[in-house]
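For reference, positions follow the sequence shown, starting with 1. These numbers come from a predicted model, not from an experiment.
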Amino acid sequence: MKRLWSLSTFIVLIALVLTGCVAPAPAGSTPQAGADAGAGVKDFVTWYQYDQNNEDTKSDERVGNEYIRKTIPLFNEAFKGKWNWVNQPKAFDKMGTELITAVQAGGDVPDLMHIGNSDLLAFYQNGTVQDLTEWAQAQPWFKDLDPNSVTACQGPDGKLYCIPVAEAPQLVFVWKDRFPDGYPTTPADFMKQAEALKAKGLYAITFFGSTDYDGEGMSRFFWTAISSFGGKLDDGKGVMTLNTPANVAAIEFIREIVTKGYAPEIVFAGKFQEEEAFKDASAGSFPTGIFGYRYVNPLTAPSGKKYEKKNEEDMLDAIAAGDVTLAPFLAAEGQKPGCNNAVSAFTIPTGAKNVDAAKDYINWIMGAEQNPAWVLGPGGGFPALKSIQSAESFQTPFYKEAAKVVAASNCHPWYGSLERRQEAQKLIVTTIYKLIKEDPSADIATTLTAAEAEYNKGN
């Protein structure tokens, strides 16, 4: 599932020690019906985690599947006589490994691949993706990109290795009736309202607090809290720096939420079970990614009103009805609400046969006619192109509220200059989990110092 994009980084790293043959292309790799397969037409091959042949309406990725199915004929018509789009669906948790292995073995690679920025460092380190800097900067859409999205697609050398199309910043889904005066903007206000909710047998917040998926909670919640207190995890030069006053204050805040019972025990259960407390409105707020609405269903509002389509429409309907609102996270004094930001992007692998086709495709998607549908479909986020944010497709209650939250927040990837990101993520989340759950009496500064020393030994 796309909500596990960053998990694929771990899988990608396995390829450092893998050798072997490239797996055969799966079903769906044959030319599409109606395509002009005549002389001069070349196949343009993409790898998406979405499968145009999967018409299961209950599939977690039905939105992306349907988008690919509908859009292949449109592209083939637009480039009739030149390109024939052939999408080869790949399992989200194996496609990174497969790409690196294919490049290293000199095997077949796609002309273009849909990735999340969390995969980029491993691709960069293995020479798996092409430098797109000079080409991208010459395109008319480049200056329209949100600078934060561009940063997320840069390698350690500052060059551009992917093209961001959609952003997925973190924000807070809020049951309006649980916070009638608005979501808290300061730690003190949060604690006050949390205590009032507790007196009613309710929780102020639910969040991804487990160590599940090798530290997925870092991008989903912990970085939101840390950055909202002005914290950082590195010194800008690849050295982990955890024991700082801001980081300590953030962890003290999270620890207090847990020890005082302002969050349900289910936050530590893993397997996305923390979502259940928001679905039934027993928890008043839920910090998660902007595309999280696709998975949090069905819903029961505090009033008892049911939203039971059991798909992404449930959350959108609840927002349109005013039962759910979107908000930035709270922030410490002098700080702007922080959050993680991920991008959904395109990359052109090393060894791609039809680079011109990939560039034609990117330019086609970045056009005003095609971009909104991509962002709403496989992108599952907020437009990286600033001009697209005013498109009619994004004038819905959900996107209008999201735009305000994004503008009020300072969202950027949590890892900064840290290069061993999967190791760092797992280590930091495990450390925070110990401090807030396993041993809430442990000295925070001492524990953070030990963790950063463990990581920095490998520098």
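Atom NZ of K400 is separated from atom CD1 of I319 by 13.5 Å, given to the nearest 0.5 angstrom. Atoms CZ and CD, on R69 and E55 in that order, are 4.5 Å from each other to the nearest 0.5 Å. The line from CD of E167 to CZ of F382 is 8.0 Å long, rounded to the nearest 0.5 Å. Here the OG1 atom belonging to T288 is positioned 7.0 Å from the CZ atom belonging to F173, to the nearest 0.5 angstrom. Distance OG1/T300 to CD/E308: 6.5 Å, rounded to 0.5 Å. Here the OG1-CD1 distance, from T211 to I432, works out to 12.0 Å after rounding to the nearest 0.5 Å.
When ring centroids are compared, F398 and Y293 come within the 6.0 Å threshold. Residues F44 and Y361 bring their aromatic ring centres within 6.0 Å. A centroid separation of less than 6.0 Å is found between the aromatic rings of F272 and Y213.
Note on K404 versus E401: no salt bridge recorded, every NZ/NE/NH1/NH2 to OD/OE distance being 4.0 Å or above. Classification of E66 and R62 as a salt-bridged pair fails, no side-chain N sitting under 4.0 Å from a carboxylate O. In summary, K159 and E134 do not engage in a salt bridge, as defined by a charged side-chain N under 4.0 Å from a carboxylate O.
Listed for the N340 side chain is a donor-acceptor partner under 3.5 Å among the backbone atoms of W414. Checking side-chain atoms of Q170 against main-chain N and O of S219 turns up a donor-acceptor pair under 3.5 Å. The backbone N or O of W364 sits nowhere less than 3.5 Å from a side-chain atom of Q370 that would complete a donor-acceptor pair. Judged purely by atom type and a 3.5 angstrom limit, R255 uses its side chain to pair as donor or acceptor with the backbone of L435. Side chain of Q130 to main chain of P349: a donor-acceptor pair is present (N/O by atom type, distance under 3.5 Å, no hydrogens or angles). In this structure, S285 contributes its side chain and A204 its backbone to a donor-acceptor pair below 3.5 Å. Put simply, the side chain of D314 never gets that close to the backbone of V296: no donor and acceptor are under 3.5 Å apart. Judged by distance alone, the side chain of D146 and the main-chain N or O of K386 form no donor-acceptor pair under 3.5 Å. Checked by atom type and distance alone, the side chain of N76 pairs as donor or acceptor with a backbone atom of W85 at under 3.5 Å. One N or O on the side chain of Y50 and one on the backbone of P378 form a donor-acceptor pair closer than 3.5 Å.
In the model, N65 has no side-chain atom that pairs as donor or acceptor with a side-chain atom of D51 under 3.5 Å. Between the side chains of N87 and T46, a donor-acceptor pair is found at a separation under 3.5 Å. There is a side-chain donor-acceptor pair under 3.5 Å between S417 and D234. For N126 and T128, the side-chain atoms include no donor-acceptor pair closer than 3.5 Å. The closest side-chain donor-acceptor pair between N117 and Y415 falls under 3.5 angstrom.
Of the residues T57, D56, V63, the one that meets the side-chain contact (heavy atoms from CB on, under 4.5 Å) test with S59 is D56. Checking each of Q88, K90, M95 against M113 for a side-chain contact (heavy atoms from CB on, under 4.5 Å) leaves exactly one that passes, namely M95.
Within the 4.5 Å cutoff, no side-chain heavy atoms of T325 are placed close to those of Y183. Under the 4.5 Å side-chain criterion, counting only non-hydrogen atoms from C-beta, N354 is not in contact with V45. Side-chain atoms of E275 and T206, non-hydrogen and from C-beta on, never get closer than 4.5 Å to each other. Residues L99 and P110 meet the side-chain proximity criterion, which asks for heavy atoms closer than 4.5 Å. Using a 4.5 Å heavy-atom threshold, the side chains of I428 and L233 count as touching. Between F79 and V41 the shortest side-chain heavy-atom distance does not fall below 4.5 Å. Proximity of F142 to L160: side-chain heavy atoms (C-beta onward) are separated by under 4.5 Å at one or more points. In this structure, I163 and Q139 have side chains that are not in contact, with every pair of non-hydrogen atoms separated by 4.5 Å or more.
Applying the 6.0 Å contact sphere to CD of Q395 captures more than 12 heavy atoms from other residues, nucleotides or ligands. Other residues, nucleotides and ligands place no more than 12 heavy atoms under 6.0 Å from the NZ atom of K426. When the shell of 6.0 Å around NZ of K306 is examined, it contains 12 or fewer heavy atoms from other residues, nucleotides or ligands.
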ask   = Going through the distances and angles, do K271 and E276 end up as a salt bridge (charged side-chain N to carboxylate O under 4.0 Å, His left out)?
value = CA-CA 11 Å; K271 308 301 181 186; E276 300 302 319; over 6 Å; no
task = Test side chain to side chain contact (heavy atoms under 4.5 Å, CB included) on T224 and F207 and set out the steps.
result = CA-CA 11 Å; T224 292; F207 58 87; over 6 Å; no
query = Is there a side chain to side chain contact (heavy atoms under 4.5 Å, CB included) between I290 and V405 once you walk through the steps?
reply = CA-CA 10 Å; I290 191 174; V405 174; over 6 Å; no
request  = Please test N297 against K309 for side chain to side chain contact (heavy atoms under 4.5 Å, CB included), starting from the C-alpha separation and ending with a verdict.
outcome  = CA-CA 8 Å; N297 57 74; K309 293 180 182 177; over 6 Å; no
key: Check against side chain to side chain contact (heavy atoms under 4.5 Å, CB included), I205 and F286   = CA-CA 6 Å; I205 190 171; F286 180 34; over 6 Å; no
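The two atoms that bring F268 and S210 nearest to each other are O-CB, 3.7 Å, heavy atoms only. Contact detail for G284 and F278: the closest heavy-atom pair is O-CE1, 3.8 Å. The heavy-atom pair separating A277 from P264 by the smallest distance is CB-CG, 3.8 Å. Of all heavy-atom pairs spanning A352 and I348, the tightest one is CB-CG2, 4.0 Å. Of all non-hydrogen atoms in P169 and C411, the two that sit nearest each other are CB-SG, 3.9 Å. In plain terms, the two heavy atoms of C162 and I115 that are nearest each other are CB-CD1, 4.1 Å.
Aromatic ring orientation, F329 versus F221: perpendicular (interplanar angle above 60°, classes split at 30° and 60°).
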